[in-house]
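Let me begin by presenting the structure, written as structure tokens, before commenting on it.
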Amino acid sequence: MQSDNKIFDDFVKFVNGAAGTLAGMGREAEQGARAKAKEFIGGLDFVSREEFEAVKAMAAAARDDADALRARLDALEGAAKPAAPKKPKAGV
């Protein structure tokens, strides 16, 4: 047999409403804390992972270019080395 107890129903509605309100407050507090942490970390001159990876790729490309240019310069310097200079004859 199911009884209709108005006080019990009202209490259950109150508890459900309070639980929903507390959950909402928790979500808002978490979002606020995240925003404050992001603002704090942003002020410390940290970079994002995406920015770091982009700069890392640029550095690797620059290093490869420098290595290629160094090899090319070495090859050009090797080809352009003059033969040993001739010594003038003594007593001419």
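Scope of the values below: all heavy atoms of this structure, side chains included, with no hydrogens, waters or symmetry mates. In this chain, residues are counted from 1 in sequence order.
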Test log, rule salt bridge (charged side-chain N to carboxylate O under 4.0 Å, His left out), inputs Asp67 and Arg63: CA-CA 6 Å; Asp67 289 343; Arg63 187 172 41 251; 5.7 Å; no
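Atom CD1 of Ile7 sits in a sparse spot, with 12 or fewer heavy atoms from other residues, nucleotides or ligands closer than 6.0 Å.
Under the side chain to side chain contact (heavy atoms under 4.5 Å, CB included) criterion, Glu77 pairs with Leu73, Asp74, not counting sequence neighbours.
Separating the CZ atom in Arg49 from the NZ atom in Lys56 is a distance of 7.5 Å, to the nearest 0.5 Å.
Judged as a salt bridge (charged side-chain N to carboxylate O under 4.0 Å, His left out), the pairs with a partner in residues 11-35 (not counting sequence neighbours) are, in order, Glu30-Arg34.
Glu53 places no side-chain N or O within 3.5 Å of a backbone atom of Glu50 that could act as its donor or acceptor partner.
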